[in-house]
Amino acid sequence: MENDVRVRFAPSPTGYLHIGNARTALFNWLFARHNRGKFILRIEDTDRERSTRESEQIVLKSLKWLGINWDEGPGVDGDYGPYRQSERWGIYRDYAEKLLDDQLAYRCYCLPEELEETRKSCLARGKMPKYDGRCRELTRKERTRFENEGRIPTIRFEVREGRVVVNDSLRGEIVFESDTIGDFIIIRSDGTAAYNFAVVIDDFLMKISHVIRGEDHLSNTPRQILLYRAFNFALPQFLHHSLILGPDKTKLSKRHGVTSVEQFKNSGFLSDAVVNYLSFLGGALGEGGEIFSPEEIVDRFSIEQVGKSAAIFDFEKLKWMNKAHINRLELNELTGLIIPFIEKAGYHTTDKKIGWLTDVVDLTRERLRTLDQIGEEVGIFFQEESEFGPDAVEVLKNEGVLNLLELLKQEINIEQDIPEESYRNIMLRIKKKTKLKGKSLFMPVRVVLTGRTKGPEMEKIFPLMEKEAVLKRIDMGLKLLAR
RNA sequence: GGUCCCAUCGUCUAGCGGUUAGGAUAUCGGCCUCUCACGCCGAAGACACGGGUUCGAUCCCCGUUGGGACUACCA
């Protein structure tokens, strides 16, 4: 197998991990694992204003939760570090210096306000805003004058006439004319490297073989290719995948609801389901099935198969997938994951036997689409009393229910305990005495014991309930009927 | 405005010149069942439009329309 496959995910730590970025990370990771290559995590924190260590931690945590592990990066030493751009400024400086020496870049003394003004006037005249290159040919005299004014220069890359062809493994050759690009800043006035510059230096130095990223970077690529050329660096293979859109076909953002990986976790999605959905969206898993484990996905994943068009994020399908994964998961593992959600619903699990808990989870799991729905499913086991909803009251008001409940109470009192077999026996005896059967027999029992008309099989619920609770609930039902 | 990308059921997609345009999800019926959920069966639902090329276009080319991305001393 090819072993020189090296890909990277390069988030900027300016907030939580967006689900769309998570998909990019996942694509890179899957590509690396599928091809037995290396997955590198690089933190792009050159924007000192917005980058924080807190967000970096959140991003790392989200990646870990998704099961995306890195071979090199923060916390994992490699031969090409450091892996935080803020720790690499000296490297960028040196390379920028080289460009300056070769006269491929120049110092620009324009002030941000001045640039903003020309930009605005360009826009006003319906022209493309582009740096006019006015600092390209400054004389020594002009330069010292600017410096005496206290202006601190940026370094701009000089874009010359010609065309740039981006070879994208998904979209083929895309041609850009250089004159639409304009000289761009590679070193800011504060000495830090700008994105397009740092990326190129790092991708080269870190021996990145494939650059897999979102379509939003496609128009940056010609700039980067120009830099590759200036340094005589060999080009990596580029691939720009399409973006995820919200239901209104605009870029998925907060106003569409849940967008951060952290939120998906907190609202009860399984990482396996999120991974499954993100990799499935776009068609990279091929035909023949949709529900897969991470291992199966690594095996099936083929980046060349992803669609070129943007895909709308369908929460409904994700939920369906989540449900499928909930039911696939090993029971003990599921129980461990679901306990925090039971606690969150206000029920205490610490004083419960683990065997009882797993039984409860086993019984309720197949109705869950998300883990946080466990609260409403599990109330019947944790609450002392039944709460009768309108539909429940309706059932209790049926003819013969009063008699049925009294019989039920008697029968339960006769039984010493509530063992496995009890329920069957009790119901059998009541059936004989009341001549009731089917729905008219079982539904009132369900309703009085759980307060609901829906739920798991009564035969399985019954052994998990305390005898006192059962009696108390029957009394509540009787009381309701007495009124 | 400019540059670039994209276009099959509501949604995700299969299709790679000749198909009753297939599947999944969601929706609606039915079966199963004490109920819900699962499962099974069924229904409805798409090639954006207009030109070419061709014996023949969902498929290839061009245009129109629509959507998206970028257009920063953000990444």
Side-chain angles (χ1 to χ4, degrees), chain A residues 10-14 21 44-47 49-51 85 108 110-112 115-116 119 122-131 152-156 166 168 170-171 174-177 180-182 184-190 192-196 198-199 213-222 240 242-243 245 247-251 277 280-283 285-291 307-321 323-324 327 364-369 377 391 395 427 437-447 450 452-459:
Chain A
S12 61
T14 54
N21 285 128
E44 309 220 323
D45 54 353
T46 56
D47 183 357
E49 300 268 308
R50 301 196 303 148
S51 303
Q85 291 188 330
C108 168
C110 296
L111 262 18
L115 294 170
E116 183 59 23
R119 209 178 77 88
C122 269
L123 242 30
R125 280 178 294 148
K127 289 190 119 185
M128 189 172 119
K130 173 185 146 185
Y131 181 66
I152 300 160
T154 60
I155 299 177
R156 272 187 199 272
V166 177
D168 186 283
L170 208 55
R171 296 161 205 277
I174 303 153
V175 180
F176 294 86
E177 295 299 330
T180 62
I181 295 176
F184 55 93
I185 289 171
I186 56 175
I187 300 286
R188 304 185 188 108
S189 55
D190 67 357
T192 58
Y195 164 75
N196 281 307
V199 169
R213 58 178 30 156
E215 195 188 350
D216 48 342
H217 286 283
L218 189 51
S219 44
N220 277 320
T221 310
H240 294 88
S242 57
L243 268 21
L245 270 29
D248 61 351
K249 294 193 175 210
T250 64
K251 204 173 172 180
Y277 184 69
F280 150 86
L281 197 62
L285 301 182
E287 289 285 290
E290 294 186 330
I291 306 295
K308 286 186 279 197
S309 52
I312 292 171
F313 196 92
D314 185 355
F315 284 89
E316 290 306 312
K317 185 126 187 183
L318 205 215
K319 283 179 187 167
W320 167 78
M321 230 172 221
K323 188 193 192 88
N327 289 320
T364 49
R365 72 193 301 187
E366 65 178 16
R367 251 168 311 284
L368 302 176
R369 273 152 61 93
E377 292 297 329
D391 54 336
V395 171
M427 293 311 285
K437 58 179 179 178
K439 201 166 173 172
S440 55
L441 172 65
F442 288 96
M443 195 42 96
V445 173
R446 163 181 299 282
V447 163
T450 69
R452 304 175 167 221
T453 54
K454 306 173 184 180
E457 290 170 62
M458 275 314 296
E459 200 177 335

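Here is the naming used below: chain letters follow the sequence lines, and residue numbers restart at 1 for every chain.
Close to B/A75, at under 4.0 Å from its OP1 or OP2, lies a side-chain N or O of A/Thr46.
Taking atom NZ of A/Lys308 as the reference point, atom P of B/C5 lies 10 Å away to the nearest angstrom. Between the CZ atom of A/Arg365 and the C1' atom of B/A37 there is a distance of 13 Å, given to the nearest Å. Separating the NZ atom of A/Lys454 from the C1' atom of B/C38 is a distance of 15 Å, rounded to the nearest angstrom. Protein atom CG of A/Leu245 is 12 Å distant from nucleotide atom C1' of B/A7, rounded to whole Å. In this structure, CG of A/Leu218 is placed 11 Å from P of B/C4, rounded to the nearest angstrom. The interatomic distance linking A/Arg119 (CZ) with B/C70 (C1') rounds to 12 Å, in whole Å. Distance CD (A/Glu459) to C1' (B/U33): 13 Å, rounded to an integer number of Å. Atom CD of A/Glu366 and atom C1' of B/U33 are 12 Å apart (whole Å).
Taking the side chain of A/Thr250 as heavy atoms from C-beta on, and the options B/C34, B/C5, B/G68, the nearest nucleotide is B/G68. Among B/C73, B/A69, B/U3, the nucleotide with an atom closest to any side-chain atom of A/Arg156 is B/C73. Of the candidate nucleotides B/A26, B/C70, B/U35, B/C70 has the atom lying nearest to any side-chain atom of A/Asp216. Distances from the side chain of A/Thr154 to the nucleotides B/U35, B/C36, B/C73 place B/C73 closest.
Base pairing analysis places B/U33 opposite nothing; no Watson-Crick or G-U wobble pair with both distances below 3.5 Å involves it. The nucleotide B/C47 finds no pairing partner, because no Watson-Crick or G-U wobble arrangement with both distances shorter than 3.5 Å includes it. The nucleotide B/U19 finds no pairing partner, because no Watson-Crick or G-U wobble arrangement with both distances shorter than 3.5 Å includes it. Across all strands shown, B/G2 is found opposite B/C70 as a Watson-Crick or G-U wobble partner, with both distances under 3.5 Å. In this structure B/C60 sits in a base pair with B/G52, meeting the Watson-Crick or G-U test at under 3.5 Å. Judged by Watson-Crick or G-U wobble contacts below 3.5 Å, the nucleotide B/U25 has B/G10 as its partner.
RNA chain B is contacted by both A/Ile187 and A/Gly438; A/Gly438 maps to the nucleotide lying nearer its 5′ end (nearest heavy atom per residue). The nearest heavy atom of RNA chain B to A/Leu243 and to A/Trp320 marks one nucleotide each, and the one closer to the 5' end goes with A/Trp320.
With both ends at atom P, the span from B/G66 to B/G50 equals 16 Å, rounded to whole Å. Remark: the separation of the C1' atoms in B/A69 and B/G10 is 24 Å, to the nearest Å. Here, B/G45 and B/A21 have their P atoms 13 Å apart, quoted to the whole Å. With both ends at atom P, the span from B/G63 to B/C55 equals 24 Å, rounded to whole Å. Comparing B/G23 with B/C4, their P atoms sit 40 Å apart, to the nearest whole Å. Rounded to whole Å, the C1' atom of B/C6 lies 33 Å from the corresponding atom of B/A43. Rounded to a whole angstrom, the distance from the P atom of B/C60 to that of B/U8 is 13 Å. Taking atom C1' in both B/C41 and B/C32, the straight-line distance is 11 Å, to the nearest Å.
Heavy atoms from other residues, nucleotides or ligands lying under 6.0 Å from CD1 of A/Ile152 number 12 at most. Residue A/Arg365 qualifies as enclosed at atom CZ: its count of foreign heavy atoms under 6.0 Å is above 12.
If you run side-chain contact (heavy atoms from CB on, under 4.5 Å) between A/Trp320 and each of A/Glu316, A/Lys317, A/Lys323, only A/Lys317 comes through.
Below the 3.5 angstrom threshold, one finds a donor paired with an acceptor across the side chain of A/Ser189 and the base of B/C73. For B/C5, the base has no donor-acceptor partner in the side chain of A/Arg171 [N/O atoms by modelled type, under 3.5 angstrom].
Across all strands shown, A/Cys110 has heavy atoms under 4.0 Å from base atoms, whether or not it also approaches the sugar-phosphate. Within the nucleic acid shown, A/Asn327 has no heavy atom closer than 4.0 Å to any nucleic acid atom. Backbone-only contact: A/Val175 has heavy atoms under 4.0 Å from sugar-phosphate atoms and none from a base. A/Ser440 comes within 4.0 angstrom of nothing in the nucleic acid, heavy atoms only. Nucleic acid contact class of A/His217 (heavy atoms, under 4.0 Å, all strands): base. Within the 4.0 angstrom heavy-atom criterion, no nucleotide atom of any strand lies near A/Glu116. Contact annotation for A/Glu44: backbone-only contact, meaning every heavy-atom pair under 4.0 Å involves sugar-phosphate atoms and none involves a base.
For A/Asp45, the side chain to side chain contact (heavy atoms under 4.5 Å, CB included) partners are A/Pro13, A/Ile43, A/Ser51, A/Arg84, A/Gln85, A/Ser86, not counting sequence neighbours.
Cation-pi contact between A/Arg156 and A/Phe184: absent, since separation from the ring centre below 6.0 Å together with deviation from the ring axis within 45° is not met.
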Just the table, please: protein N/O against nucleotides 11-14 of chain B N/O, every pair under 3.5 Å.
{"residue": "B/C12", "atom": "OP1", "partner": "A/Ile312", "partner atom": "N", "Å": "3.0"}
{"residue": "B/U13", "atom": "OP1", "partner": "A/Gly282", "partner atom": "N", "Å": "3.1"}
{"residue": "B/U13", "atom": "O2'", "partner": "A/Glu287", "partner atom": "OE2", "Å": "3.4"}

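A donor and an acceptor atom, one from each side chain of A/His240 and A/Arg171, are nowhere located under 3.5 Å apart.
Between A/Phe313 and A/Tyr277, the ring planes lie perpendicular to each other; the angle is over 60°, past the 30° to 60° tilted range.
Between the A/Ser12 side chain and the A/Thr14 main chain, no donor and acceptor come within less than 3.5 Å of each other.
Scanning all heavy atoms of the two residues, the minimum distance from A/Ser242 to A/Ser309 falls at OG-O, 3.0 Å.
Distance check, rounded to the nearest 0.5 Å: CE of A/Met443 to OG1 of A/Thr453 gives 5.5 Å. The distance from the OG1 atom of A/Thr364 to the CD atom of A/Glu377 is 6.0 Å, given to the nearest 0.5 Å.
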